[in-house]
Amino acid sequence: MQRPLRPGCRARARGFTLLELMAALALSAIVVLLAVPSFAGAVARHRLQAAAEQLAHDLADARFEAAQRGTALHLSFATGAQWCYALALQAGCDCRAAAPCQISRVLAGDHPGVRLLHAEDARVDPLPGRSTGGDALLQAADAAPLRVALSPLGRPRICAPGGNVRGYPAC
């Protein structure tokens, strides 16, 4: 219940003054400007990790697929701005365009902001100890690079060349 006003007294306005609103808005803008670079870096790191994890998963799938088919499969890479890789039935199957020799392929557009700096084509053999190649180096802006390598047993491994990516061992 409100008290009645005394004669000659004005009611006190409730709410914020324009000056208080401007100060709160300025502080909010400063906080947002400080958070944006950190958020952009986190997004870049997440995209890089997603690309490396997908490549490792595709290498593991290639090992399984080679064992099922009883024949060697090949992972062909193309580096550059429009990088790609394809799991193929034969070596040298170009990943830049869809082809009958491909089982699957991944394009740069699937991982925006991630670059494939270096890659070595892989041969995944159905027999353990005979797989070769499969070394790839991925990087995103403002993020340390990640390396995906295939062991001779056909097992993929993700590591950080600089050793400074949390969750991944140093190479």
Side-chain angles (χ1 to χ4, degrees), residues 32-171:
V32 166
L33 287 174
L34 292 174
V36 166
S38 175
F39 181 72
V43 168
R45 284 188 301 276
H46 177 72
R47 286 181 174 167
L48 174 63
Q49 290 172 352
E53 294 288 341
Q54 181 176 2
L55 176 55
H57 179 75
D58 289 345
L59 283 167
D61 280 351
R63 178 180 179 218
F64 179 75
E65 187 75 21
Q68 264 193 331
R69 291 175 183 245
T71 184
L73 296 178
H74 303 271
L75 201 68
S76 301
F77 292 93
T79 59
Q82 296 301 315
W83 62 271
C84 61
Y85 65 87
L87 178 61
L89 299 168
Q90 60 195 37
C93 185
D94 192 6
C95 64
R96 286 171 257 215
C101 60
Q102 297 171 353
I103 297 172
S104 66
R105 72 182 182 138
V106 173
L107 304 172
D110 298 334
H111 300 285
V114 177
R115 295 174 303 165
L116 180 61
L117 301 177
H118 164 77
E120 180 184 322
D121 288 354
R123 180 179 189 273
V124 182
D125 201 278
L127 300 174
R130 297 187 48 195
S131 295
T132 59
D135 188 29
L137 188 64
L138 297 161
Q139 187 173 27
D142 299 332
L146 288 176
R147 179 176 173 232
V148 181
L150 187 66
S151 75
L153 292 175
R155 293 192 176 118
R157 176 179 181 245
I158 302 173
C159 61
N164 55 353
V165 178
R166 186 173 44 187
Y168 296 99
C171 293

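Everything quoted here is computed from the prediction, not taken from an experiment.
Salt bridge Arg123/Asp125: present, at least one basic N to carboxylate O contact under 4.0 Å.
Here the closest non-hydrogen pair linking Ala86 and Cys95 is CB-CB, 3.5 Å. When every heavy atom of Glu120 is checked against every heavy atom of Gly133, the shortest pair comes out as OE2-CA, 3.1 Å. Annotation for Ala170 and Arg157: closest pair O-NH2, 3.5 Å, computed over non-hydrogen atoms. Of all non-hydrogen atoms in Ala88 and Cys93, the two that sit nearest each other are CB-CB, 3.5 Å. Across all non-hydrogen atoms, the minimal contact from Gly154 to Ser131 is CA-OG, 3.7 Å. Leu55 approaches Ala136 most closely through the heavy-atom pair CD2-CB, 3.6 Å.
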**OP:** Could you walk me through whether Gln54 and Asp58 pass side-chain contact (heavy atoms from CB on, under 4.5 Å), step by step?
**Re:** CA-CA 6 Å; Gln54 181 176 2; Asp58 289 345; 3.7 Å; yes
Worked verdict on Glu53 versus Ile158 for side-chain contact (heavy atoms from CB on, under 4.5 Å)
CA-CA 8 Å; Glu53 294 288 341; Ile158 302 173; 3.7 Å; yes
Hey, mind stepping through Val124 and Leu150 against side-chain contact (heavy atoms from CB on, under 4.5 Å) and telling me if it holds? CA-CA 9 Å; Val124 182; Leu150 187 66; 4.0 Å; yes
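Note that CG of Asp94 and SG of Cys84 are 6.5 Å apart. Values are rounded to the nearest 0.5 Å. A distance of 13.0 Å separates CG in Leu153 from CZ in Arg130, rounded to the nearest 0.5 Å. Distance CG/Leu89 to CG/Leu73: 6.5 Å, rounded to 0.5 Å. Taken to the nearest 0.5 Å, the CG atom of Leu87 stands 13.0 Å off from the CZ atom of Arg105. Remark: Ser76 OG to Asp121 CG distance equals 4.5 Å, nearest 0.5 Å. Residue Asp135 holds its CG atom at 5.0 Å from NE2 of His118, rounded to the nearest 0.5 Å.
A side chain to side chain contact (heavy atoms under 4.5 Å, CB included) with Leu116 holds for exactly one of Val106, Leu137, Leu138; it is Leu138.
Classification of the Trp83-His111 ring pair by plane angle, with boundaries at 30° and 60°, yields parallel.
Checked by atom type and distance alone, the side chain of Gln102 pairs as donor or acceptor with a backbone atom of Ala97 at under 3.5 Å. No donor-acceptor distance shorter than 3.5 angstrom exists from the side chain of Arg147 to the backbone of Pro161, with no hydrogens or angles considered.
Residues Arg47 and Pro112 meet the side-chain proximity criterion, which asks for heavy atoms closer than 4.5 Å. Counting only heavy atoms from C-beta outward, the side chains of Leu59 and Val148 approach each other to under 4.5 Å.
Open room surrounds CD on Gln82; 12 or fewer heavy atoms of other groups in view lie less than 6.0 Å from it. Applying the 6.0 Å contact sphere to NE2 of His46 captures no more than 12 heavy atoms from other residues, nucleotides or ligands.
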